[in-house]
Amino acid sequence: MLRTLVVSVVACVATLGFAGVAQAATNYVALGDSYSSGVGAGSYLDSSSCKRSANAYPYQYAQSSGASLSFQACSGAKTSDVLNNQVGALNSSTSLVSITIGGNDAGFSNVMTNCVLGGDSACKTAVTSAENYAQTTLPGLLDNVYRTIKSKAPNAHVVVLGYPHFYKIGGSCVVGLSDTARGYINGGADVLNTVISKEAANAGFTFADVRPAFTGHEICSSSSWLHSLTWPIDESYHPTATGQKSGYLPTFKTGI
């Protein structure tokens with residue numbers, strides 16, 4: 001009888017493949033700028049200027065998966081801010097990291113100000129300047145950030161997310177920027193994503209491209225997941241709560 005019991009237990013364990021053993025919780029650190037903190041998505045978790053949102057993809061992922069979240073992403077962050085203020089949350093037990101970074105370094109706010117206020121020519125000049133910066137200076141800044149992440153969290157899977165196209169060209173907008181200027185801005189996003197993708201690959205990280213998810217949901221579409229000009233002004237050109245939930249969150253999950 002004892003032999004029969006032992007055989008039964010061994011067979012059960014073999015069948016389960018240790019499925020009954022509790023799995024270690026995912027230690028998740030969310031780094032980056034406003035696209036990761038959730039600016040524009042509302043339901044902010046505190047009164048800080050970082051504007052971390054309960055609707056942001058890092059928080060939503062942690063809530064749905066049970067991951068332990070260290071939410072470090074902050075509005076306005078540049079690569080230097082990630083290094084100075086955020087990577088301290090990483091350690092050898094960190095198992096998952098996400099990050100959006102580079103848009104502020106390349107002068108996103110300046111581009112949008114010039115495009116909105118200056119017309120097509122000023123817009124093209126601003127976008128070209130940002131593209132030049134992204135292609136010449138940003139790679140080194142990103143490499144430094146990615147190298148630091150790898151050093152501090154050597155066991156982590158790192159997902160680097162990009163930025164969406166802002167505009168649907170030939171869409172429903174009848175005022176505001178011309179489609180020419182909108183095309184310049186989308187082109188700038190493409191250059192930025194290309195640089196980020198390349199440097200992420202060089203670091204051995206996963207690049208998760210949000211542009212496909214946002215296709216058909218840009219500004220000037222019938223179902224936009226991005227704010228146009230808003231008040232408060234800092235939420236302009238950022239994903240809505242739906243953009244975080246239906247755009248960034250599933251894209252992040254595909255990169256895990």
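Side-chain atoms of Gln86 and Cys74, non-hydrogen and from C-beta on, do get closer than 4.5 Å to each other. Counting only heavy atoms from C-beta outward, the side chains of Leu31 and Val145 never approach each other to under 4.5 Å.
Rounded to the nearest 0.5 angstrom, Glu131 CD and Thr136 OG1 are separated by 11.5 Å. Distance check: Thr79 OG1 to Asp105 CG gives 3.5 Å after rounding to the nearest 0.5 Å. One distance of note links OG of Ser68 with CG of Asn27; it measures 5.5 Å at 0.5 Å rounding. Here Asp143 contributes atom CG and Asn202 contributes atom CG; the two are 6.5 Å apart, rounded to the nearest 0.5 Å. In this structure, OH in Tyr146 is found 6.0 Å from CD1 in Ile99, a value given to the nearest 0.5 Å. With rounding to the nearest 0.5 Å, the separation of OG in Ser197 from CG in Leu192 is 11.0 Å.
Using a 30° and 60° split on the angle between ring planes, Phe252 and Tyr28 fall in the parallel class, below 30°.
Following chains of ILVMFWY side-chain contacts shorter than 4.5 Å, one can reach Leu142 starting from Val29, so the two form part of one hydrophobic cluster. If you chain together hydrophobic residues whose side chains sit under 4.5 Å apart, Leu226 and Leu249 fall into the same group. Linking Ile, Leu, Val, Met, Phe, Trp and Tyr whenever their side-chain heavy atoms come within less than 4.5 Å puts Leu83 and Val97 in one cluster. At a threshold of 4.5 Å between side-chain heavy atoms, the hydrophobic network of Ile, Leu, Val, Met, Phe, Trp and Tyr places Val39 and Val210 in two separate groups.
At least one donor-acceptor pair under 3.5 Å links the side chain of Arg52 to the backbone N or O of Ala73. Put simply, the side chain of Asp81 gets close to the backbone of Lys78: a donor and an acceptor are under 3.5 Å apart. Distance alone, capped at 3.5 Å, places no donor-acceptor pair between the Ser36 side chain and the Asp33 backbone. For Thr148 (side chain) and Asn144 (main-chain N/O), a donor-acceptor pair under 3.5 Å exists by modelled atom type. Under a 3.5 Å cut-off, the side chain of His227 and the backbone N or O of Gly40 do form a donor-acceptor pair. Side chain of Ser224 to backbone of Ser221: no donor-acceptor contact under 3.5 angstrom is found. Remark: the backbone N or O of Ser53 is not paired with any side-chain donor or acceptor of Ser43 at under 3.5 angstrom. For Ser223 (side chain) and His217 (main-chain N/O), no donor-acceptor pair under 3.5 Å exists by modelled atom type. In terms of modelled atom types and a separation under 3.5 Å, the side chain of Gln244 and the main chain of Tyr57 share a donor-acceptor contact. At distances below 3.5 Å, at least one donor-acceptor pair connects side-chain atoms of Ser236 with backbone N or O atoms of Ile233.
Donor-acceptor pairing under 3.5 Å is lacking for the side chains of Ser92 and Asn155.
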Please assess Lys51 against Ser34 for the test side-chain contact (heavy atoms from CB on, under 4.5 Å), listing each intermediate value before the final yes or no.
CA-CA 8 Å; Lys51 301 190 84 166; Ser34 53; over 6 Å; no
Phe205 vs Ile149, test: side-chain contact (heavy atoms from CB on, under 4.5 Å). Steps then yes/no.
CA-CA 10 Å; Phe205 297 164; Ile149 292 172; 4.2 Å; yes
Begin with the C-alpha distance, continue with both residues' side-chain angles, and end with the deciding distance and a verdict on side-chain contact (heavy atoms from CB on, under 4.5 Å) for Thr251 and Asp209.
CA-CA 7 Å; Thr251 302; Asp209 190 351; 5.7 Å; no
Let me see the working for Tyr237 and Ile219 under side-chain contact (heavy atoms from CB on, under 4.5 Å), right down to the final yes or no.
CA-CA 8 Å; Tyr237 309 110; Ile219 299 168; 3.7 Å; yes
With side chain to side chain donor-acceptor pair (under 3.5 Å) as the criterion, how do Ser37 and Ser75 come out once you've worked through the C-alpha distance, each side chain's angles and the decisive distance to 0.1 Å?
CA-CA 6 Å; Ser37 73; Ser75 176; 5.4 Å; no
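Heavy-atom minimum distance, Asn104 versus Ala77: ND2-O, 2.8 Å. Minimum heavy-atom separation, Asn114 to Ala126: CB-CB, 3.7 Å. Across every non-hydrogen atom of Trp225 and Ala213, the tightest pair is CZ3-O, 3.2 Å. The two atoms that bring Ile196 and Val160 nearest to each other are CG2-CG1, 3.5 Å, heavy atoms only. Closest approach of Leu69 and Ala30 over heavy atoms only: CD1-CB, 4.0 Å. Ala41 and Asn55 get closest at one heavy-atom pair: O-ND2, 2.8 Å.
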List, one per line, each side-chain donor-acceptor pair under 3.5 Å for residues 169-191, sequence neighbours excluded.
from: Ser172; atom 1: OG; to: Cys220; atom 2: O; distance (Å): 3.0
from: Ser178; atom 1: OG; to: Asp120; atom 2: OD1; distance (Å): 2.6
from: Ser178; atom 1: OG; to: Asp120; atom 2: OD2; distance (Å): 3.2
from: Ser178; atom 1: OG; to: Thr180; atom 2: N; distance (Å): 3.4
from: Ser178; atom 1: OG; to: Ala181; atom 2: N; distance (Å): 3.1
from: Asp179; atom 1: OD1; to: Arg182; atom 2: NH1; distance (Å): 2.9
from: Asp179; atom 1: OD2; to: Gly170; atom 2: N; distance (Å): 3.1
from: Arg182; atom 1: NE; to: Leu177; atom 2: O; distance (Å): 3.3
from: Arg182; atom 1: NH1; to: Leu177; atom 2: O; distance (Å): 3.2
from: Arg182; atom 1: NH2; to: Val175; atom 2: O; distance (Å): 3.1
from: Arg182; atom 1: NH2; to: Leu177; atom 2: O; distance (Å): 2.7
from: Asn186; atom 1: OD1; to: Phe166; atom 2: N; distance (Å): 3.1
from: Asn186; atom 1: OD1; to: Tyr167; atom 2: N; distance (Å): 3.2
from: Asn186; atom 1: ND2; to: Tyr167; atom 2: O; distance (Å): 2.8
from: Asp190; atom 1: OD1; to: His165; atom 2: NE2; distance (Å): 2.6
from: Asp190; atom 1: OD1; to: Arg211; atom 2: NH1; distance (Å): 2.7
from: Asp190; atom 1: OD2; to: His165; atom 2: NE2; distance (Å): 3.3

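Aromatic ring centres of Phe214 and Tyr248 lie closer together than 6.0 Å.
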